[in-house]
Amino acid sequence: MCGVAVAVLQGAGAPAVSVVRTDPRTGRLVRTVIPTRSSAERAAASAPAAPLIETVDRIAQQNQLSPKLVHSVIQVESNYNPNAVSPKGAQGLMQLIPSTARRFGVSNVFDPADNIQGGARYLKYLLGLYKGDEALALAAYNAGEGAVSRYGGVPPFPETRDYVAKVRQRLAAATEPPPPASNALPAPEETAPAVSYNPIREVTGANGKVYYTSQ
């Protein structure tokens with residue numbers, strides 16, 4: 001009978017997994033050490049590059065969409081993989097099916113900017129169609145406008161309900177980037193201009209009368 005034993009090895013470097021299994025040809029036990037990455041390393045490896053983040057933010061703003069919404073959709077759809085292809089034929093970062101890509105002017109679904117532009121236009125269209133109802137727009141993005149119309153709301157498909165929940169969870173957890181720090185000095189407080197007055201002097205004229213003057 002073949003068996004497999006797995007142990008996690010901790011060393012000076014990254015942790016590793018030791019896998020011991022029976023060689024089916026010789027019957028001997030063979031051990032293989034497979035290095036693993038920490039959760040922080042895995043997260044860093046899957047994090048989008050800065051230029052891609054900037055592209056998403058720019059296109060979202062061009063389409064009057066929240067960058068957080070577009071980022072959340074991309075994360076759930078493809079986890080920022082521009083070459084992703086689903087079993088149903090959805091392609092690229094925002095997983096556009098060919099008919100949707102053509103409908104919203106996408107010429108190359110595997111070009112990140114082109115794909116994001118098409119997906120953002122589709123999201124904007126859906127939000128307008130459903131009068132800002134985010135859940136309906138996301139449901140239609142996943143299952144199609146026909147399904148939302150047919151069921152009069154979010155379709156009862158487990159995949160679609162799970163999709164809407166995942167995007168909204170990421171959207172709720174996302175944070176907008178902080179505004180850039182300003183190096184400008186605070187404006188000085190306005191003060192009333194100083195007013196000077198000439199002193200009044202008492203002058204006695206040649207006729208003995210007293211006059212007052214400020215000259």
Rounded to the nearest 0.5 Å, what separation is found between the [atom1] atom of [X] and the [atom2] atom of [Y]?
X	Y	atom1	atom2	answer
Leu127	Asp133	CG	CG	8.5 Å
Leu126	Glu134	CG	CD	12.0 Å
His71	Asp57	NE2	CG	4.0 Å
Gln75	Leu171	CD	CG	11.0 Å
Lys166	Ser72	NZ	OG	13.5 Å

Show the nearest heavy-atom pair for residues [X] and [Y], with the distance to one decimal.
X	Y	value
Ala120	Leu65	O-CD1, 3.3 Å
Ala101	Val109	CB-CG1, 3.6 Å
Gly118	Val106	CA-CG2, 3.4 Å
Arg161	Pro156	NE-CA, 3.3 Å
Pro98	Gly89	CD-O, 3.8 Å
Ala135	Val164	O-CG2, 4.0 Å

| query | Linking I/L/V/M/F/W/Y whenever any side-chain heavy atoms sit under 4.5 Å apart, do Ile116 and Tyr80 land together? | reply |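 Yes.
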| task | Group every Ile, Leu, Val, Met, Phe, Trp and Tyr by side-chain heavy-atom contacts under 4.5 Å, then state whether Tyr125 and Val148 land in the same group. | result |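 Same cluster.
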Note, [X] side chain near [Y] side chain (heavy atom, < 4.5 Å):
X	Y	answer
Ser78	Ile74	yes
Leu123	Met94	yes
Asn115	Asn108	no
Val56	Pro67	no
Phe104	Lys124	no

| field | Under 3.5 Å side-chain donor-acceptor pair for Glu77 and Asn142 | value |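 No, no side-chain donor-acceptor pair sits under 3.5 Å.
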| said: Under the rule for salt bridge (Lys or Arg N to Asp or Glu O under 4.0 Å), what residues qualify as partners of Lys88, not counting sequence neighbours? | reply: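 By the salt bridge (Lys or Arg N to Asp or Glu O under 4.0 Å) rule, Lys88 matches Glu159.
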| Residues sharing Phe157's hydrophobic cluster, by side-chain heavy-atom contacts under 4.5 Å among ILVMFWY, directly or via others? |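 Once heavy-atom contacts under 4.5 Å are chained together, Phe157 belongs with Tyr151.
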Any sub-3.5 Å donor-acceptor pair from [X]'s side-chain atoms to [Y]'s backbone N or O?
X	Y	result
Thr55	Pro51	yes
Gln95	Leu93	no
Thr100	Leu96	no

| task | Please say whether the positively charged group of Arg168, taken as NZ for Lys or CZ for Arg, lies over the ring of Tyr163, i.e. under 6.0 angstrom from the six-membered ring centre and within 45 degrees of the axis. | result |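 Judged by the rule, Arg168 and Tyr163 form no cation-pi pair.
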| Which pairs, with at least one residue in residues 126-145 and sequence neighbours excluded, count as a ring-ring contact (aromatic ring centres under 6.0 Å, His included)? |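 Found Tyr122-Tyr141.
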| request: Begin from the C-alpha positions of Asn63 and Gln117 and carry the test side-chain hydrogen bond (donor to acceptor under 3.5 Å, both in side chains) through to its verdict. | output: CA-CA 8 Å; Asn63 289 277; Gln117 189 68 258; 2.8 Å; yes
